[in-house]
Every structure is written in C-alpha cells, then in structure tokens.
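Quick notes on the structure that follows.
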Amino acid sequence: MLPSRHVPAAARAAYRLDRKASLLAGLYTGAIFPFIGIIARETLHASELELSILSAAPFLGSLLAIFYAHAVEGRRKVRSMVGPFILCRVILFCVAFAHGSLAFVLLVGLAQLVAGVAGPATAAVLKEIYPDDSRGRIMSYNRVALTVTSALIALPAGWLLKQVGYQLLFPVAAVVGMVGSLTYLRIENLYADRWPPPPPALPLRQRLAPRTAWRALGESLTFLRSTFQILRDDKSYRWFALSVFTYGFGNLMVLPLYPIFQVDRLHVSTPQMGWLAQISQVTMILAYFYWGRYVDLLSPLRAVALNVLLNACIPLLYFFSSEAWHLIPAFVLTGITNAGIDLAYFNSILAFANEQTVARYQALHSFLLGIRGTVAPFAGAALMRAMGAHGIDVKYLFLVSMALILLGCWMQAAGVKAQPPRNTSGNGEGAARRQGIRRRPAKRTVK
C-alpha cells in the first residue's frame with residue numbers, strides 16, 4: 001500500500017514508520033469515533049448538555065495547546081507528540097468501567113481533550129521530516145493508510161457494538177492505538193543528529209523554588225505575548241484566522257444536533273452508522289489523493305476556500321433529510337471535506353510560518369480553534385433549547401450553520417486573496433506556482 005519509492009529518499013524511512021503508525025491508528029479511530037455520538041444518545045440517553053460537552057472537549061484541548069507548546073519548547077519533539085496520544089488511549093481504555101452517560105461523556109471528552117494539546121508538537125515534527133514541496137502528498141498517503149483501515153473496521157465494529165457493547169470494543173481499540181503511537185518513537189532515532197537531546201531537567205526541589213517558578217511564569221507570558229502578536233503583525237494571517245473562526249463556528253455549532261437528529265428524527269442505528277462511516281471513509285481515501293496534489297501544486301489557501309464551500313452543503317442536506325439513507329450525500333461530502341480541510345489547514349499554517357515560528361503559528365491556530373470549538377457547541381445547544389421553547393423546528397439551526405460557513409468563505413476570499421502568505425520559500429514546483437512563477441516541467445519524485 002502506497003510504496004515508499006514514491007517518497008523522496010530523505011523522507012523515506014520516516015514515511016515507512018509514519019505509515020505503520022497510521023495503519024494502526026486507523027483501526028483505533030474506526031472502531032471508536034464514528035459511534036461515539038450514537039452510543040451517547042441511543043444507548044446511554046445523553047442530554048443535549050452532555051452531547052455539547054462531548055463535542056467541545058477536543059477543542060478545549062486545542063485551546064490548551066498553546067500552553068503545552070510552550071511547556072515542551074526545546075524538548076524532544078516526537079516524545080512531546082506521543083505523550084498526549086498515549087494518555088488519550090489510556091483514558092479510552094478506562095471507558096470499560098463507564099456505565100452511565102455522564103461517565104462515558106467525561107472519559108471520552110477527557111481523552112479527546114488530551115489528544116488535542118499535541119497539535120503544535122505534531123506540526124513541528126511533520127515540518128522537519130517531510131520536504132516543503134511534497135509534504136501535502138506524503139501526508140495524504142499516510143492519511144489514506146489511516147482511512148483505509150478505519151473504513152475496513154467500521155462495519156464489523158458497528159456489528160460488534162450491537163453484540164458485545166462498547167465496554168469491550170473500546171478498550172481493545174485503545175490498546176491498538178497505543179501500539180501505533182509508540183511506533184513514532186522510532187522516528188526520533190532517525191533524526192538523532194538533527195534533534196539532539198535537551199539538557200537534563202532541573203531537580204524537583206529547584207524547579208519548585210519561588211525564583212524558578214517566577215522565571216518560568218515570565219517566560220510563559222513572553223511566549224504568549226509573542227504568539228498573540230502574530231495577529232497584529234501578520235495581516236494576511238489575521239484575515240485567514242478570522243475567516244476560519246467564522247466558518248468553524250457555524251460548522252461546530254450543529255455538532256450536538258447531528259446525533260440528536262440522527263437518532264431521534266432519522267432513527268439511525270449503529271450498523272447503519274457503520275455503513276455511513278464507511279461511505280465517508282472510502283470517499284476520503286480518494287479525496288486525499290486529489291487534495292494532496294492540489295495543495296502541493298496550487299495553493300492550500302484555495303483548497304481551504306473550496307472545502308468550506310463544499311462543507312456549507314452538509315447542513316443543507318441534513319435539513320432536507322427525512323430517512324437514514326438521505327444522509328449518504330452528506331457523508332460523501334464529509335469524506336471529501338475532511339480530507340481537504342485536514343491537509344489544507346495544516347499546510348496553510350506552514351505557508352504563513354517559517355522554521356522558527358511554526359510551533360507558535362500552530363499553537364495560535366489551535367488556540368483559536370479551541371475557542372470556537374469550546375463555545376460553538378454550547379451556543380448551538382442553547383439555540384436548540386430556545387427554538388424548542390418557541391415551537392421552532394430545531395432543523396432550522398442547520399440553515400444558520402450554513403449561513404455562517406458561507407460568511408467565513410467570503411471573508412477569506414475578500415481578505416486573504418489580496419495578501420498571499422509570506423512564506424513561499426520552497427524550492428519545488430508547488431512553491432513556484434504559489435509565487436506565480438512559470439517553471440519548466442520536471443520529473444517528479446512523488447507521484
């Protein structure tokens with residue numbers, strides 16, 4: 001699957017390990033995450049508030065990522081990435097002991113919160129191990145590996161959930177996820193010369209001393225101030241961040257409504273959700289190939305705008321759905337846009353940043369993502385309650401979501417287009433095209 005000969009020689013060894021970890025991560029994610037909302041609502045009868053907590057939890061992790069980014073700055077990059085992933089899987093293993101909706105929501109939410117803080121460390125690792133002009137396609141290869149195994153496991157997982165329940169399936173999947181995460185530690189050995197070990201940590205007594213704590217606080221404030229100054233100094237990124245915030249708020253405010261609408265209105269079962277998840281993931285596999293090439297050869301910013309436009313159709317499709325099978329087009333579009341946004345967001349941030357500022361840009365992006373993702377689901381739940389109190393069908397919230405998504409797309413087209421990203425220093429064909437330079441075609445090493 002996706003042989004490494006299509007990858008530049010310098011990144012080939014890291015790619016093989018990344019691919020192995022992605023295959024295992026696909027088994028873990030495909031057995032758990034497509035079914036969380038259905039289990040919470042159908043099996044455990046979670047309330048709107050509990051579903052809002054479940055929706056907001058991963059974004060609260062993104063909100064805290066800016067502090068984690070500072071805490072691990074100068075430390076081993078790969079270990080800083082793997083640590084939260086391992087802890088996330090350990091918490092999901094403990095779901096075996098959750099019998100009520102609140103315990104289930106808190107454990108799954110905490111696991112996603114912990115995983116969310118690893119974003120800046122992940123960005124720093126991928127920035128160094130993959131070349132700029134082919135990173136989009138290499139990442140797409142690994143995302144395809146993850147999605148293939150996720151799609152293969154979705155159908156049997158949906159059936160097993162009916163037979164043995166989540167309390168057995170989730171812990172098994174969590175162990176598989178732990179093995180996949182530990183695979184990344186081998187990448188650190190490949191780059192031992194580039195990532196020298198950090199100086200030894202101070203003794204605990206010295207770290208707890210008032211003078212040391214005061215100095216650490218000052219360093220943290222300096223880091224935060226320099227990170228937020230990006231919004232003042234980089235006008236193009238400011239427009240991009242504002243547009244993404246608006247689009248994301250509209251997209252995320254209906255997250256609690258999706259499982260409610262699926263279960264209460266359309267009566268979607270876990271086996272049906274397994275089929276829908278597989279449709280989405282198969283579509284995502286094909287979309288990763290397309291968007292990986294698009295991001296490298298054209299523009300990650302343009303890819304963001306196109307995917308936002310496509311994403312605006314998803315709440316509209318839900319609005320007109322009255323049967324479970326009516327959701328098939330929505331899940332097809334979900335697969336397309338999940339792949340596109342995944343690659344386009346990441347590479348857009350790298351286009352704005354340089355080697356020294358990539359962790360700060362990613363931390364700021366995660367922080368803004370965390371704000372909108374923490375607030376939007378609760379805002380959506382409040383609007384649902386208000387609509388119910390006034391006798392308004394809650395499905396009209398889907399139209400509000402679509403309007404905000406389209407507004408975010410317009411803001412990006414109006415603001416970012418006139419101020420292209422400043423970091424176009426790559427040497428490949430993709431960088432040349434982003435700068436508007438016509439180059440003579442050359443034989444490519446990544447296909």
Side-chain angles (χ1 to χ4, degrees), residues 14-34 36 54 57-98 103-129 139 142-143 145-147 149-150 153 157 166-192 195 197-198 201 342 346 359 362-363 366 370:
Y15 166 73
R16 292 192 188 103
L17 293 172
D18 197 1
R19 180 182 58 192
K20 178 181 178 181
S22 297
L23 290 168
L24 293 171
L27 295 174
Y28 152 74
T29 57
I32 293 179
F33 292 100
I36 286 175
L54 199 58
F59 302 100
L60 181 58
S62 297
L63 186 66
L64 299 176
I66 192 168
F67 304 101
Y68 182 72
H70 172 64
V72 301
E73 195 172 39
R75 299 180 182 271
R76 296 180 186 267
K77 294 181 175 65
V78 176
R79 297 186 188 186
S80 300
M81 176 185 73
V82 170
F85 290 158
I86 294 294
L87 182 56
C88 165
R89 275 78 165 161
V90 170
I91 296 170
L92 283 173
F93 185 90
C94 295
V95 171
F97 307 102
F104 179 85
V105 165
L106 291 179
L107 283 173
V108 174
L110 179 61
Q112 294 186 88
L113 183 154
V114 171
V117 306
T122 304
V125 170
L126 295 180
K127 174 77 171 175
E128 292 204 29
I129 66 176
M139 287 179 61
N142 285 319
R143 296 299 197 271
L146 186 151
T147 310
T149 52
S150 183
I153 202 66
Y166 68 89
Q167 290 168 318
L168 178 60
L169 182 61
F170 278 22
V172 173
V175 171
V176 175
M178 290 180 206
V179 176
S181 297
L182 290 172
T183 303
Y184 282 110
L185 293 177
R186 295 170 59 188
I187 293 179
E188 189 174 73
N189 297 330
L190 297 176
Y191 294 87
W195 300 334
D342 182 19
F346 185 85
Q362 183 62 33
S366 295

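Since this is a predicted model, take the numbers as computed values, not measurements.
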- Query: Where the side chain of S150 meets the backbone of L146, is there a donor-acceptor pair that is under 3.5 Å apart?
  - Reply: no

- Might you point out which heavy atoms bring I153 and G26 nearest each other, and give the distance in Å? CG2-O, 4.1 Å

- Where do I86 and S181 come nearest, in terms of heavy atoms and distance? CD1-CB, 3.6 Å

- Message: Nearest 0.5 angstrom please: R143 CZ to D18 CG, how far?
- Response: 8.0 Å

- Query: Taking the side chain as C-beta and beyond, is there a heavy-atom pair between I36 and F104 under 4.5 Å?
  - Reply: yes

- Item | Residue pair L107, L92: steps toward the side chain to side chain contact (heavy atoms under 4.5 Å, CB included) verdict | CA-CA 7 Å; L107 283 173; L92 283 173; over 6 Å; no

- Rounded to the nearest 0.5 Å, what separation is found between the CE atom of M178 and the CG atom of L182? 9.0 Å

- When every non-hydrogen atom of A145 is compared with those of L23, the smallest separation belongs to O-CD2, 3.5 Å

- How about Y184: does its OH atom have over 12 heavy atoms from other parts shown lying under 6.0 Å from it? yes

- On a heavy-atom basis, the closest approach of T149 and L27 is OG1-N, 3.6 Å

Going by atom type alone, with no hydrogens or angles, which donor-acceptor pairs under 3.5 Å involve a side-chain atom of residues 112-122 and a protein atom two or more places apart or on another chain?
residue : atom : partner : partner atom : Å
T122    : OG1  : A118    : O            : 2.9

- Item | For Y28, the option from F33, F93, F85 that meets ring-ring contact (aromatic ring centres under 6.0 Å, His included) | F33

- Message: Could you check whether any side-chain heavy atom of I32 comes within less than 4.5 Å of a side-chain heavy atom of V108, counting everything from C-beta outward?
- Response: no

- If every non-hydrogen atom of A14 is compared with every non-hydrogen atom of I187, which pair is closest and at what distance? O-CD1, 4.0 Å

Donor-acceptor pairs are to be reported for all side-chain atoms of residues 167-174 against protein atoms at under 3.5 Å, with residues two or more places apart or in another chain.
residue : atom : partner : partner atom : Å
Q167    : NE2  : A98     : O            : 2.8
Q167    : NE2  : H99     : ND1          : 2.9

- Task: Name all pairs fulfilling the salt bridge (charged side-chain N to carboxylate O under 4.0 Å, His left out) condition that reach into residues 78-91, sequence neighbours left out, sorted by first residue then second.
- Result: R79-E188

- Measure the spacing between CG of L185 and CG of L17 and express it to the nearest 0.5 Å. 10.5 Å

